[in-house]
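Comments concern the structure below.
We number each residue from 1, following the sequence as shown.
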Amino acid sequence: MDHILKKYCPRIEFDSYEDFYANFKINVPNDFNFGYDVVDEWASAEPEKPALLWCNDEGEERLFTFTDISRLSNKTANAFSKLGIGKGDVVMCIMRRRWEYWVIASALCKLGAIVIPASLQLTTHDIVYRANACQVKMMVCVCDEYVNTQVEGALPDSPSIQNKVIAAGEREGWLSFDQLIADEPDTYKRPSAGALDATTSKDIMLIYFTSGTTGNPKPVMHNFAHPLGHILTAKYWQQVRENCLHMSVTDSGWAKFGWGKIYGQWIAGATIFCYDMDKFVPTKLLQKMQDYKLTTFCAPPTMYRFMLQEDVAAYDLSSIQNFATAGEPLNAEVTIKWEKLTGKKIREGFGQTEGPVLVATYPWIEPKPGSMGKPSPLLNIKLLDDDGFEVEDGEEGAICITGLKEAYPPGLFVGYYGMPEATEETVGGEYYNLHDMAWRDSQGYVSFVGRNDDVIKCSGYRISPFEVESALVKHDAVIECAVTAAPDPIRGLVVKATVVLASGYEPSPELTKELQTFVKKETAPYKYPRIVEYVDELPKTIGGKIKRKEIRMEDGISE
């Protein structure tokens with residue numbers, strides 16, 4: 001038991017949160033590689049150990065052992081190598097929740113290549129931007145008409161892309177993943193330490209694109225030590241159990257997949273349960289949770305809200321020992337209602353694309369509705385004021401990861417790809433400022449307050465107002481606009497656009513629908529404004545800056 005976990009954590013059992021915080025450690029080998037040291041290691045130590053149980057809405061179901069994942073990833077590594085993919089090459093994957101993603105991600109680790117997980121909602125423009133920002137060499141995509149069309153549209157403006165591979169289907173002009181790996185050997189030799197194609201824990205393994213308040217999304221780099229940081233996420237917050245089913249509801253294009261569906265879970269020896277749903281239907285998800293007798297479960301607060309609209313008590317969820325949530329603040333009433341119906345509270349966790357879980361309701365902590373829990377060990381979380389000094393209990397401060405010069409924590413991003421100045425400014429000093437505001441009570445519980453900028457967290461997504469505004473002002477009817485979050489009883493928050501119209505245009509339901517459709521075509525569809533309000537002018541500072549805070553407060557969102 002805990003065979004691999006014990007290799008990297010000198011101690012895995014603790015008596016209290018204080019004991020855990022003071023004594024938890026992760027040893028990071030210089031040559032750690034998730035593909036070899038986790039996938040292949042489990043396959044060698046326990047050949048029949050279950051790794052992934054996958055199903056979908058079409059009634060398909062497949063169980064993969066670690067031996068299956070090891071052999072399939074070896075075949076994939078051989079095939080991709082023949083296509084010219086090697087150490088440092090960048091591959092973008094748009095795979096939804098297809099089982100092939102686990103195989104491909106493991107293979108790219110073995111090759112030393114860099115993976116960009118991407119959402120299937122990306123537009124041609126989004127793909128072009130990412131391809132050119134990171135010199136993407138190959139696309140690997142699920143067979144999906146929208147996705148494939150967007151990629152094909154991006155190719156003329158993405159000269160670095162040399163190959164495109166399609167999984168779970170066939171399409172003219174694409175290489176079939178199944179055919180590609182069919183005749184490849186199922187062994188792949190690990191490069192010798194120090195060889196040119198061998199990886200170190202400091203090499204780049206993974207890039208996520210994350211939205212900021214201004215400009216385009218930034219390419220966030222994680223190195224090969226990153227999976228080890230998610231021991232905190234999986235073992236101690238989600239509380240996964242070895243050889244038991246864990247489900248995190250997300251697709252492969254988001255950082256939450258890394259949080260909940262691969263890295264820490266497999267290091268801890270858990271079996272990942274994946275329901276490759278066509279669409280989120282609360283009753284279908286509840287049925288899967290019941291029928292497969294999950295042991296641990298994690299989903300965004302929005303999904304808990306939607307499930308609470310159904311008859312939760314009609315489903316037997318007694319097998320689930322731990323419910324967890326992250327992605328946006330959890331309303332206290334949601335966890336209170338959930339506990340009444342299931343007998344268990346929801347354990348909240350907080351973090352970013354840039355790292356593992358940073359604050360969480362760990363096993364020794366009694367969940368407190370409205371609080372995220374307490375700081376994770378290793379990350380030296382402090383709440384700092386604008387001058388870099390720690391605030392007192394009860395005062396608001398920016399959540400910061402401190403002590404970077406002394407001990408850089410595994411799992412924390414190491415900068416922005418191709419952006420050395422931004423990297424130095426963000427993580428080159430003594431601490432990394434998340435620009436998320438929180439306060440701490442006298443018992444050490446941390447509660448989220450909000451961003452000190454304008455990023456919108458909606459249904460588990462992070463949405464940049466700048467991106468939505470940039471799309472809207474392309475429409476002839478829009479002179480200027482401000483995009484903010486607005487409250488919603490089910491989703492928590494939704495995107496709202498406050499719009500000043502050009503001369504000759506009048507507000508109407510038809511125009512609202514037209515603007516919403518326009519945004520869906522200009523950027524990822526989930527970013528469209530569900531609320532459009534028309535005004536004669538926007539509130540602004542003397543310097544001309546739009547006061548989004550004022551709009552939010554008028555909508556009842558306190559700062």
Side-chain angles (χ1 to χ4, degrees), residues 39 42-43 47-76 79 93-107 117-121 139-148 164-171 174-184 186 243-254 256-257 260-262 265-266 270-299 303 307 315-317 319-320:
V39 174
W42 275 127
E48 299 305 313
K49 189 179 188 67
L52 171 67
L53 177 55
W54 177 91
C55 65
N56 65 10
D57 282 324
E58 284 67 54
E60 295 178 279
E61 179 181 293
R62 291 192 62 173
L63 174 64
F64 298 85
T65 64
F66 278 100
T67 297
D68 295 328
I69 301 293
S70 175
R71 290 174 176 169
L72 286 167
S73 62
N74 287 338
K75 292 167 76 70
T76 303
C93 293
I94 307 178
M95 293 295 295
R96 200 174 69 182
R97 298 175 177 88
R98 286 292 308 181
W99 61 262
E100 290 91 341
Y101 181 84
W102 282 266
V103 171
I104 291 164
S106 301
S119 166
L120 49 82
Q121 295 179 317
M139 297 290 305
V140 185
C141 302
V142 68
C143 187
D144 178 275
E145 180 63 30
Y146 175 82
V147 170
N148 305 148
K164 54 187 189 299
V165 177
I166 197 165
E170 295 183 4
R171 187 179 178 92
W174 291 65
L175 298 171
S176 163
F177 178 75
D178 290 340
Q179 294 177 17
L180 204 60
I181 70 170
D183 297 325
E184 294 294 336
D186 62 6
N243 298 323
C244 293
L245 291 176
H246 170 77
M247 182 184 193
S248 284
V249 187
T250 183
D251 75 34
S252 61
W254 303 97
K256 279 205 71 178
F257 190 97
K261 289 179 101 99
I262 184 167
Q265 293 72 29
W266 275 359
T271 306
I272 295 160
F273 174 73
C274 178
Y275 168 33
D276 187 12
M277 64 184 81
D278 294 328
K279 179 183 178 182
F280 168 53
V281 178
T283 53
K284 287 186 178 181
L285 179 57
L286 285 163
Q287 194 71 45
K288 296 292 184 185
M289 295 162 67
Q290 169 188 279
D291 293 351
Y292 283 90
K293 299 189 183 303
L294 307 181
T295 300
T296 48
F297 176 83
C298 184
M303 290 192 172
M307 285 190 286
Y315 298 87
D316 181 5
L317 306 181
S319 66
I320 302 179

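Judged purely by atom type and a 3.5 angstrom limit, Trp42 uses its side chain to pair as donor or acceptor with the backbone of Trp266.
More than 12 heavy atoms of other residues, nucleotides or ligands sit less than 6.0 Å from atom CZ of Arg97.
Of all heavy-atom pairs spanning Leu180 and Ala79, the tightest one is O-CB, 3.7 Å. Closest approach of Ile69 and Val39 over heavy atoms only: CG2-CG1, 3.8 Å.
Sorted by first and then second residue, the pairs that involve residues 275-287 and meet salt bridge (charged side-chain N to carboxylate O under 4.0 Å, His left out), not counting sequence neighbours, are Arg96-Asp276, Arg96-Asp278.
Judged as a side-chain hydrogen bond (donor to acceptor under 3.5 Å, both in side chains), and not counting sequence neighbours, the contacts of Ser73 are Lys110. When the ring pair (Phe, Tyr, Trp, His ring centres under 6.0 Å) test is applied to Phe177, no partner is found at least two apart in sequence or on another chain. Remark: Ala299 engages Val249, Phe297, Met303, Tyr304 in a side-chain contact (heavy atoms from CB on, under 4.5 Å) (not counting sequence neighbours). Looking at residues two or more places apart in sequence or on another chain, you find no side-chain hydrogen bond (donor to acceptor under 3.5 Å, both in side chains) involving Trp54. Listed by chain and residue number, Glu61 satisfy the side-chain hydrogen bond (donor to acceptor under 3.5 Å, both in side chains) test with Tyr292 (two or more places apart in sequence, or in another chain).
Of the candidates Ile181, Ile104, Val140, Thr76, Val140 is the only one forming a side chain to side chain contact (heavy atoms under 4.5 Å, CB included) with Val165.
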TODO: Would you sort out whether Tyr101 and Cys93 count as a side-chain contact (heavy atoms from CB on, under 4.5 Å), showing the intermediate values?
DONE: CA-CA 8 Å; Tyr101 181 84; Cys93 293; 3.9 Å; yes
TODO: Just do the side-chain contact (heavy atoms from CB on, under 4.5 Å) check on Met139 and Ile94 with the steps written out, would you?
DONE: CA-CA 8 Å; Met139 297 290 305; Ile94 307 178; 3.9 Å; yes
